[in-house]
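What follows is a single structure, written as structure tokens, with notes after it.
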Amino acid sequence: MRPIVQWQLVNDPFGDPGVYGEFMFEKRAVLFDLGDIANLSPRKLLRLGHVFVSHAHMDHFAGFDALLRVLLGRNLRLYLYGPSGFIDRLEHKLRAYTWNRIRSYGENLVLDVSEIGPAGPSARASFQSKESFGREPLTPAAREEDTIARAEGFRVRAATLDHEIPCLAFAFEEERHVNVWKNRLAEEGLAVGPWLRKLKKAVLADAPDETPIRAAARGDEETHTVERSLGELKRTVLEIVSGQKVAYVTDVVYHEDNAARIAALASEADILFIETPFLHEDAEAAAKKCHLTARQAGLIARRARTKRMVPFHFSPRYTGRAEDIRREAEAAFAGTDETAALR
Ligand SMILES: [Zn+2]
Ligand SMILES: [Zn+2]
């Protein structure tokens, strides 16, 4: 089955980092990092429900104003997530403008902002346009292992990494899809109806196979209710497809602790977007600037057993050498680089 969310880098790999994920059958989208977003049309920006910011270096956060400009004057709620200190930073950006006119708008734009510390959500506040974007404290979401956001159909987990400063990496996990085989339903003498929604819910809640389900059965004239076990229905009329997992990792220094955290977060991801700013011949410069080399990124992706790796965030010093970066990362990922020993 085709994945429900389609992913794209916002910019060329030499441009500002960012990844946009768009739900195919709904007007919904998520964004990782908020640097230069001029490549995203207003239509795409208006679909955003969740924005995840790894850290507040300019190339990851300078696009906030451009996003705000497009969203103003709309009835929307946007959830934003960032590392410790993020609410203050966002408030400073909002305070830079004059908002005397905005109270009279009929529409209300709500920014719901969460800070993610090493132990999970640590602070939360909202800023509403009808309140001239005054800061309103909210209770942070309950801690739930490393899950920082949940919405219909997906959750997002985070890890705090070392980039001299704390920097967040994210993993987007789609819920499993439960599909009903309509033809098999008919073969089983069952009818469509609201019971199917309850059935799907029971599957997603991992209810035991012996759970009784009241199903609608076809009669000669009208439908009646029959009882079937969840396990039987799973075997006969359902197809359960695991959802996609996509990880986003950027701006991290190479050391064992970071590598282990990334490998755990991105474990068996379908796609890992991972930064490769430097070639390994410049490993010293990479370490000094707290970034990965292409080889280090490839080795981490291999360790995480991800299915696919997409390198990005190339340093401008390699303009014209994008293929060298990709080749080095791919060789380490595929395990064909025999010299891939890390210092
Ligand atoms: Zn960066
Ligand atoms: Zn950075």
Side-chain angles (χ1 to χ4, degrees), residues 7-21 30-40 51-67 80-90 92-93 115-118 148 156 158-172 246-255 257-259 261-262 265-266 271-280 282-298 300-301 309-319 321-322 325-326 328-329:
W7 300 91
Q8 63 171 104
L9 282 170
V10 175
N11 295 305
D12 169 281
F14 288 101
D16 281 1
V19 167
Y20 180 85
V30 299
L31 179 65
F32 293 112
D33 271 339
L34 195 44
D36 180 357
I37 51 168
N39 277 339
L40 295 174
V51 175
F52 302 89
V53 176
S54 61
H55 63 306
H57 281 155
M58 274 196 92
D59 52 331
H60 300 257
F61 193 37
F64 175 77
D65 287 25
L67 175 61
L80 296 116
Y81 303 81
S84 299
F86 187 60
I87 296 173
D88 279 347
R89 294 181 192 286
L90 201 132
H92 291 317
K93 279 183 176 277
E115 281 183 15
I116 310 302
I148 59 157
V156 172
T160 298
L161 303 173
D162 172 18
H163 175 46
E164 192 172 70
I165 54 166
C167 179
L168 299 174
F170 304 102
F172 175 100
V246 174
Y248 176 86
V249 176
T250 191
D251 293 55
V252 286
V253 65
Y254 187 85
H255 55 53
D257 191 43
N258 268 349
R261 279 167 202 251
I262 298 166
L265 180 78
I271 312 173
L272 167 61
F273 290 93
I274 188 163
E275 72 151 3
T276 56
F278 291 89
L279 283 170
H280 205 68
D282 297 317
E284 255 173 60
K288 212 175 276 172
K289 298 197 167 176
C290 293
H291 281 289
L292 296 178
T293 68
R295 183 181 294 168
Q296 290 164 343
I300 293 172
M309 170 192 60
V310 180
F312 70 107
H313 208 355
F314 300 175
S315 163
R317 71 162 75 185
Y318 303 110
T319 302
R321 296 182 68 192
I325 297 178
R326 289 203 181 91
E328 182 177 292

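Since we're looking at a predicted model, the values are computed, not measured. Start at 1 and go down the list; that is how both ligands and their atoms are numbered.
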Check your understanding: Name of the Asp251 N, O or S atom nearest the Zn ion (ligand 1)?
Key -> OD2
Point to revise | Identity of the N, O or S atom of Asp59 lying closest to the Zn ion (ligand 1) | key: OD2
How many angstroms lie between [atom1] in [X] and [atom2] in [Y], if you round to the nearest 0.5 Å?
X: Glu328; Y: Gln296; atom1: CD; atom2: CD; answer: 9.0 Å
X: Phe52; Y: Ile148; atom1: CZ; atom2: CD1; answer: 5.5 Å
X: Leu279; Y: Ile325; atom1: CG; atom2: CD1; answer: 5.0 Å

Review point. What N/O/S atom of His57 is the closest to the Zn ion (ligand 2)?
Key: ND1
Exercise for review: Please test Asn39 against Asn11 for side chain to side chain donor-acceptor pair (under 3.5 Å), starting from the C-alpha separation and ending with a verdict.
Suggested key: CA-CA 7 Å; Asn39 277 339; Asn11 295 305; 2.9 Å; yes
Check your understanding: Angle subtended at the Zn ion (ligand 2) by NE2 of His163 and NE2 of His55, to 10 degrees?
Key -> 100°
Check your understanding: With a cut-off of 6.0 Å (strictly less than), are more than 12 heavy atoms of other residues, nucleotides or ligands near CZ of Arg326?
Key -> yes
Point to revise | Residue His60, metal the Zn ion (ligand 1), N/O/S under 2.8 Å | key: yes
